[in-house]
Amino acid sequence: MKKRSAIICATACALGLTACGNDLGERMTAAALNTVIGMGTVFVVLIIIIGVISLFKFIPVIQDRLAKKKASEAQAESGSAAVETINAPEEADLTDDLELVAVIAAAIAASEGAASADGFVVRSIRRAGRVRRA
């Protein structure tokens with residue numbers, strides 16, 4: 001094991017990766033250089049991240065421009081179709097509302113124990129208070 005460690009240390013020293021056989025001053029210089037390079041890399045990456053984040057404020061502007069462009073293209077294509085739909089009167093679909101009223105009336109009748117929902121009159125609508133459990 002010691003032989004392998006010695007080979008690794010000798011190879012690292014030969015490549016200049018570490019200061020194995022040098023005196024304390026040269027090792028401290030290498031350590032300071034490693035620290036400066038590491039911290040410099042971190043700060044450069046942080047500055048790049050700050051730059052990217054600061055560009056995020058332009059994303060909604062670009063999206064709005066693209067949406068307006070697509071809307072104007074769609075409006076130009078459907079210009080003749082829009083004229084035809086403007087002339088046709090629109091009728092509100094009340095079937096969904098009537099179904100909703102029927103379901104609510106059936107639920108009230110079931111909670112009251114009544115056989116039918118005849119005679120129910122809605123006088124006011126208000127939010128029910130929440131029951132607090134201890």
Side-chain angles (χ1 to χ4, degrees):
M1 189 71 170
K2 289 184 178 184
K3 187 176 182 181
R4 182 184 287 173
S5 301
I7 292 172
I8 292 173
C9 185
T11 306
C13 288
L15 295 175
L17 299 175
T18 61
C20 295
N22 301 333
D23 64 341
L24 181 64
E26 291 178 8
R27 287 188 288 176
M28 291 300 287
T29 305
L33 183 63
N34 288 338
T35 303
V36 169
I37 290 173
M39 290 178 66
T41 304
V42 168
F43 281 109
V44 167
V45 170
L46 286 175
I47 290 170
I48 290 171
I49 291 173
I50 289 171
V52 169
I53 290 174
S54 67
L55 294 176
F56 282 172
K57 63 183 173 184
F58 297 114
I59 293 174
V61 175
I62 295 170
Q63 287 178 341
D64 289 341
R65 286 182 187 168
L66 291 176
K68 287 179 183 178
K69 185 176 180 181
K70 287 181 182 179
S72 64
E73 289 175 359
Q75 192 176 33
E77 292 176 1
S78 65
S80 60
V83 172
E84 293 174 9
T85 56
I86 290 174
N87 295 334
E90 294 184 20
E91 295 182 16
D93 186 19
L94 299 178
T95 57
D96 293 334
D97 294 338
L98 294 176
E99 291 174 1
L100 181 63
V101 169
V103 169
I104 293 173
I108 293 172
S111 69
E112 295 285 326
S116 70
D118 295 337
F120 289 142
V121 177
V122 178
R123 300 196 191 282
S124 67
I125 299 173
R126 60 184 170 86
R127 184 181 297 254
R130 292 187 170 213
V131 177
R132 294 184 183 174
R133 295 183 182 178

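Computed over heavy atoms, backbone and side chain alike; hydrogens, waters and symmetry mates excluded. Each residue takes its place number in the sequence, starting with 1.
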Euclidean distance, F58 CZ relative to R65 CZ, rounded to 0.5 Å: 10.0 Å
Nearest 0.5 Å, what's the CG-OG1 distance between L46 and T41? 11.0 Å
Taking all atoms of both residues into account, what is the closest heavy-atom pair of F56 and P60, and its distance? O-CD, 3.5 Å
According to a hydrophobic-cluster definition based on side-chain heavy atoms being under 4.5 Å apart (Ile, Leu, Val, Met, Phe, Trp, Tyr only), do V36 and V44 belong together? no
Spell out, yes or no, whether I48 and L55 are grouped together once hydrophobic residues are joined by side-chain heavy atoms under 4.5 Å, including indirect joins. no
